[in-house]
Amino acid sequence: MKVGDNMQPITSKLVTQTIIERPAESYKGNYGRVLLIGGNQNFGGAIIMAATAATYSGAGLVTVATDPQNFTSLHARLPEAMVVDYHQTDYLLGLATNMDVIVIGPGLGTDPFAERLLTAVLNAVHQPQRLVIDGSALTLLAAHPQPLPATPIVVTPHQMEWQRLSGLKISEQTPTANHQAQQKLGVIAVVKAHHTTIYTDQQVWFNPGGTPAMATGGMGDTLAGMIGGFSGQFTDFTNAILSAVYLHSTIADDLAASRYVVLPHQISALIPKYMHDFSQAELDD
Ligand SMILES: NC(=O)C1=CN([C@@H]2O[C@H](COP(=O)(O)OP(=O)(O)OC[C@H]3O[C@@H](n4cnc5c(N)ncnc54)[C@H](O)[C@@H]3O)[C@@H](O)[C@H]2O)[C@@H](O)CC1
Ligand SMILES: Nc1ncnc2c1ncn2[C@@H]1O[C@H](COP(=O)(O)OP(=O)(O)O)[C@@H](O)[C@H]1O
Ligand SMILES: [Mg+2]
């Protein structure tokens, strides 16, 4: 990725300013109610990894709407998460309306059920809920374009999902072309790659971190969960997204110093420690 002249790096200072120390007088309701929707019968791991990342990122309350077959395996690793059968659409939409953040797509699949569920959720999301669209939900959106809710939205495609969504072949995905495509979509775009780039209406950012040790299934599901967890806690949506992208690769880079591959759950396990360190770091003047 050629660094365009108008691209800004995400800096540790931005992360330090975003991940602030928690006031003592607070409770879980202050730290975001996050709903994650995905995990069909083949891709249960995706939503488990996303929910794990959201929980370890400090979300106040995490609910997972998934295939019931995943309930036991999810609770085996993440008793903190509440569950709902994503086939119970009316009940799920009732829950969704009280959520601060909704993450949809990890392991969702692209069958007709998934398509109907995505449409139902997109029609139900309302201001000021924050929406993270990842994985299969992006592939579905590209195949079946539909109006997006008027609320803060971020999409987190890898380069092939971005090709589907933007129409830009991977070889054409330059910062300028990506920015134009993002402006047309009217959402924040996190285009994941060796150096992930992030596009908002105002600015193009690039993530200085990243290692090929991250090239393993579940790494993007984990990022989607981190973005969801951060978006439920930090006021500025863009800074929450940028901080999640930066921390995701910073943890991986540190682990990759002594590991050939970094596993998604290894990153999630370290999120609380890294968030602590950034919340304590002195703001360099
Ligand atoms: N353990 C699990 O349950 C996992 C489930 N996953 C879920 O599986 C579903 C499908 O996601 P996938 O990304 O696997 O499948 P996709 O069909 O979206 O993407 C895979 C295809 O895109 C191409 N591709 C992907 N990234 C590329 C890149 N950077 N450059 C060039 N070509 C690229 C691959 O060659 C392949 O043809 C998603 O819902 C995802 O969340 C994956 O996250 C993997 C782990
Ligand atoms: N060579 C690489 N260098 C840096 N980061 C990488 C590399 N390969 C993959 N990643 C990161 O791993 C993640 C892959 O996302 P994705 O393909 O959606 O994974 P998933 O299998 O979870 O869907 C992205 O955050 C991407 O930036
Ligand atoms: Mg993915």
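Each ligand, and each atom within it, is numbered from 1 in the order the structure gives.
For Asp134, the salt bridge (charged side-chain N to carboxylate O under 4.0 Å, His left out) criterion is met by Lys192, not counting sequence neighbours.
Residues with a heavy atom under 4.0 Å from ligand 2: His158, Lys192, Ala193, His194, Thr196, Gly210, Thr211, Pro212, Met214, Ala215, Gly217, Gly218, Met219, Gly220, Asp221, His248.
Side-chain contacts under 4.5 Å among hydrophobic residues (ILVMFWY), followed directly or transitively, place Met160 together with Ile170.
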Dump all N/O pairs between ligand 1 and the protein below 3.5 Å as a table: atom names plus distance, one pair per row.
from, atom 1, to, atom 2, distance (Å)
ligand 1, 3 (O), Phe43, O, 3.4
ligand 1, 3 (O), Ala46, N, 3.1
ligand 1, 13 (O), His158, NE2, 2.8
ligand 1, 17 (O), Arg164, NH2, 3.1
ligand 1, 18 (O), His158, NE2, 3.4
ligand 1, 18 (O), Arg164, NH1, 2.9
ligand 1, 19 (O), His158, NE2, 3.3
ligand 1, 26 (N), His158, ND1, 3.4
ligand 1, 29 (N), Gln159, OE1, 3.2
ligand 1, 39 (O), Gly105, O, 3.4
ligand 1, 39 (O), Gly107, N, 2.9
ligand 1, 39 (O), Ser136, N, 3.2
ligand 1, 39 (O), Ser136, OG, 2.6
ligand 1, 41 (O), Gly107, N, 3.0
ligand 1, 41 (O), Asp221, OD1, 2.8
ligand 1, 43 (O), Asp221, OD1, 3.3
ligand 1, 43 (O), Asp221, OD2, 2.7

Side chain to side chain donor-acceptor pair (under 3.5 Å) between Ser26 and Asn30, intermediate numbers included: CA-CA 6 Å; Ser26 60; Asn30 299 121; 4.7 Å; no
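Around the CG atom of Asn42, the shell of radius 6.0 Å holds more than 12 heavy atoms that belong to other residues, nucleotides or ligands. Atom CZ of Arg164 is surrounded by more than 12 heavy atoms from other residues, nucleotides or ligands within 6.0 Å. More than 12 non-hydrogen atoms from other residues, nucleotides or ligands lie less than 6.0 angstrom from OH of Tyr246.
Using bins of under 30°, 30° to 60° and over 60° for the plane-to-plane angle, the ring pair Tyr199/His179 lands in the tilted bin.
The backbone N or O of Gly38 lies less than 3.5 Å from a partner atom in the side chain of Thr66, making a donor-acceptor pair.
Donor-acceptor pairing under 3.5 Å is lacking for the side chains of Asn6 and Gln203.
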